Protein chains: 2
Amino acid sequence: MEAATDEPDVDELMEQFHDYLSKKQLKSTRQRDIIARRFFSTGGHLSIEELLVLAREENPRIGYATVYRTLKLLTECGLAAQRRFGEGQAIYETAGDTEHHDHLICIECDFVLEFANDEIERLQDQVARSFGFNLVRHKLELYGLCPKARGIKGGSCPREEDEARGDRVGLT
Amino acid sequence: MEAATDEPDVDELMEQFHDYLSKKQLKSTRQRDIIARRFFSTGGHLSIEELLVLAREENPRIGYATVYRTLKLLTECGLAAQRRFGEGQAIYETAGDTEHHDHLICIECDFVLEFANDEIERLQDQVARSFGFNLVRHKLELYGLCPKARGIKGGSCPREEDEARGDRVGLT
DNA sequence: CTAACTGCAAACATTTTGCAACCTC
DNA sequence: GAGGTTGCAAAATGTTTGCAGTTAG
């Protein structure tokens, strides 16, 4: 039950991506590398559009479709996962072989915090089994008010200080 | 931890809906009544399109927009809730003041089972508090293989027998 | 009667796809 | 060089909105 740290080894993830590409006889291209690296570097929680903006810092000619297609590849090989927190467009997050995590989302400032709790995971498995299901994956999102949104002094709803990067906002 | 029964008192829900409408000085119309009643009767888990089909059984001239607008009203007054299980279009479910429930979804046949587990709820609250959050609501979806999908004899993945109505398919 | 509602079609927003030019392997 | 890739623009989805005609209160 602690916040997962979220700056995994980008190079290793890139390597996994390249492995996947060559296994599938697909090609590593400049665009894919830029997109994937930027994506991994943020630790995830990016919309297509946000990622496009980042990628274009490096190569302004990159188009929407390439970002979509690259994220689809990353999703296929398990290095990214698509999410839909609220309305509008999808959010992608890194989903490397690292441990699973769930989300705690502030409904005031949209700050997204990741956490993992083994006890909950265990119970989920138990519930699924009790219905005869074989649990494959799950999605848990907790929505509430973060300390700052509740007006607690010293509370650290990181919207202002952290918006630029690091832990990411999910909805914008 | 038992499957929630899911055919609430439709008339009462209709009444709540009408109360909301008159409170807001909005009007009860034939279309709204048809849509709302059909929606409540299924127990939820309907896409706009599925609901439109049902509504048109009763009045073929009902249009998309009216269904969207009616579901928005139902959402505003807390009688419906929008969900996005996977891709594509949103699914709406009844969300009366009745107890909360989570979802267990078969990734093979898309069957959706509802359940509630107090222990999990309690832990969620605890996690949120540990981060200084005030939990408002949450979303838990378990994805796995139902008994039938796993090939267990006597398993009851209700896709075939129940597709028509009753517990509803979430993704189609 | 008046203000809200409906159905249609057009507008929007997001994601996917077809294709000619262009790179990797 | 061949076959996958790119960027563009067009198409496909899913949802929202403007408007003229209709209806509930």
Side-chain angles (χ1 to χ4, degrees), chain A residues 14 17-36 38-39 46-53 55-77 80-92 170-172, chain B residues 14 17-39 46-53 55-56 58-77 80-92 170-172:
Chain A
M14 288 300 292
F17 183 39
H18 287 151
D19 287 351
Y20 176 76
L21 290 177
S22 52
K23 193 186 334 175
K24 286 271 202 166
Q25 317 227 240
L26 303 175
K27 291 168 180 170
S28 298
T29 65
R30 238 176 304 106
Q31 292 91 330
R32 281 179 181 168
D33 278 4
I34 291 173
I35 294 166
R38 288 278 178 165
F39 177 67
L46 288 168
S47 67
I48 294 284
E49 194 148 344
E50 292 172 315
L51 186 50
L52 179 65
V53 169
R56 280 185 170 164
E57 287 179 2
E58 226 164 309
N59 176 351
R61 298 189 73 313
I62 288 179
Y64 266 89
T66 303
V67 179
Y68 272 100
R69 291 189 273 228
T70 302
L71 275 180
K72 182 177 284 184
L73 284 175
L74 288 170
T75 302
E76 281 169 23
C77 65
Q82 194 193 55
R83 303 208 137 235
R84 288 170 172 282
F85 282 130
E87 325 290 300
Q89 81 269 63
I91 296 291
Y92 289 80
L171 285 171
T172 312
Chain B
M14 288 301 291
F17 183 38
H18 288 152
D19 286 352
Y20 176 76
L21 290 177
S22 52
K23 194 187 332 176
K24 286 272 202 162
Q25 316 226 241
L26 303 176
K27 291 168 179 172
S28 296
T29 65
R30 239 176 303 107
Q31 292 91 331
R32 281 179 181 170
D33 279 5
I34 291 173
I35 293 166
R37 187 171 288 280
R38 289 278 178 164
F39 177 67
L46 288 168
S47 66
I48 295 284
E49 193 149 344
E50 292 171 317
L51 187 50
L52 180 65
V53 170
R56 280 183 170 166
E58 227 166 309
N59 176 349
R61 297 188 74 315
I62 289 179
Y64 264 90
T66 304
V67 178
Y68 272 102
R69 290 189 273 229
T70 302
L71 276 181
K72 182 177 284 185
L73 284 175
L74 288 169
T75 302
E76 280 169 23
C77 65
Q82 194 193 54
R83 301 204 139 240
R84 289 168 173 281
F85 280 131
E87 325 291 300
Q89 83 267 64
I91 297 291
Y92 289 81
L171 285 171
T172 312

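Just so it is clear, the structure is predicted and the values come from calculations on it, not from any experiment.
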Fill in the blank from the handout: Closest of D:dT16, D:dG7, C:dG7 to the B:Ile62 side chain is C:dG7
Handout entry: Salt-bridge present (A:Lys24, A:Glu76; N to O < 4.0 Å)
Key =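 No, A:Lys24 and A:Glu76 are not salt-bridged.
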Problem - B:Glu58 atom CD, over 12 foreign heavy atoms within 6.0 Å - result: yes
Exercise for the section: Please say whether more than 12 non-hydrogen atoms of neighbouring residues, nucleotides or ligands are located less than 6.0 Å from CD in A:Glu57. Expected result: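 Yes - once you tally the heavy atoms of other residues, nucleotides and ligands closer than 6.0 Å, there are more than 12.
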Please report, rounded to the nearest Å, how far the [atom2] atom of [N] is from the [atom1] atom of [X].
| X | N | atom1 | atom2 | result |
| --- | --- | --- | --- | --- |
| B:Lys72 | D:dG14 | NZ | P | 18 Å |
| A:Arg61 | D:dA9 | CZ | C1' | 14 Å |
| B:Gln25 | C:dC5 | CD | P | 11 Å |
| A:Leu52 | C:dT16 | CG | C1' | 16 Å |
| A:Asn59 | D:dT5 | CG | C1' | 13 Å |
| A:Gln89 | C:dT15 | CD | C1' | 11 Å |
| B:His18 | C:dC5 | NE2 | P | 12 Å |
| A:Lys27 | C:dT24 | NZ | C1' | 5 Å |

Problem - Residue met sooner reading DNA chain D from 5', once A:Gly63 and B:Ala65 are mapped to nucleotides - result: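 Looking at the nearest nucleotide for each, A:Gly63 comes out on the 5' side.
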Problem - First encountered from the 5' end of DNA chain D, between A:Tyr64 and A:Leu73 - result: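 Closest to the 5' end, via its nearest nucleotide, is A:Leu73.
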Establish, with yes or no, whether the OP1 or OP2 oxygen of [N] is under 4.0 angstrom from a side-chain nitrogen or oxygen of [X].
| X | N | result |
| --- | --- | --- |
| B:Arg32 | C:dC5 | yes |
| A:Arg69 | D:dG4 | no |
| A:Thr29 | D:dG4 | no |
| B:Tyr68 | D:dT16 | no |
| A:Arg30 | C:dC22 | no |
| B:Gln31 | C:dG7 | yes |

Problem - Side-chain donor or acceptor of A:Thr29 paired with backbone N/O of A:Arg32 under 3.5 Å - result: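 Answer holds: yes.
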Practice task
Give a yes or no answer on whether the side chain of A:Thr70 reaches the backbone of A:Thr66 with a donor-acceptor pair at less than 3.5 Å.
Solution key: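 Checking the backbone N and O of A:Thr66 against the side chain of A:Thr70, a donor-acceptor pair under 3.5 Å is found.
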Handout entry: First of A:Ile48 and B:Arg56 reached from the 5' end of DNA chain C, by closest nucleotide
Key =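 Nearer the 5' end of the strand: B:Arg56.
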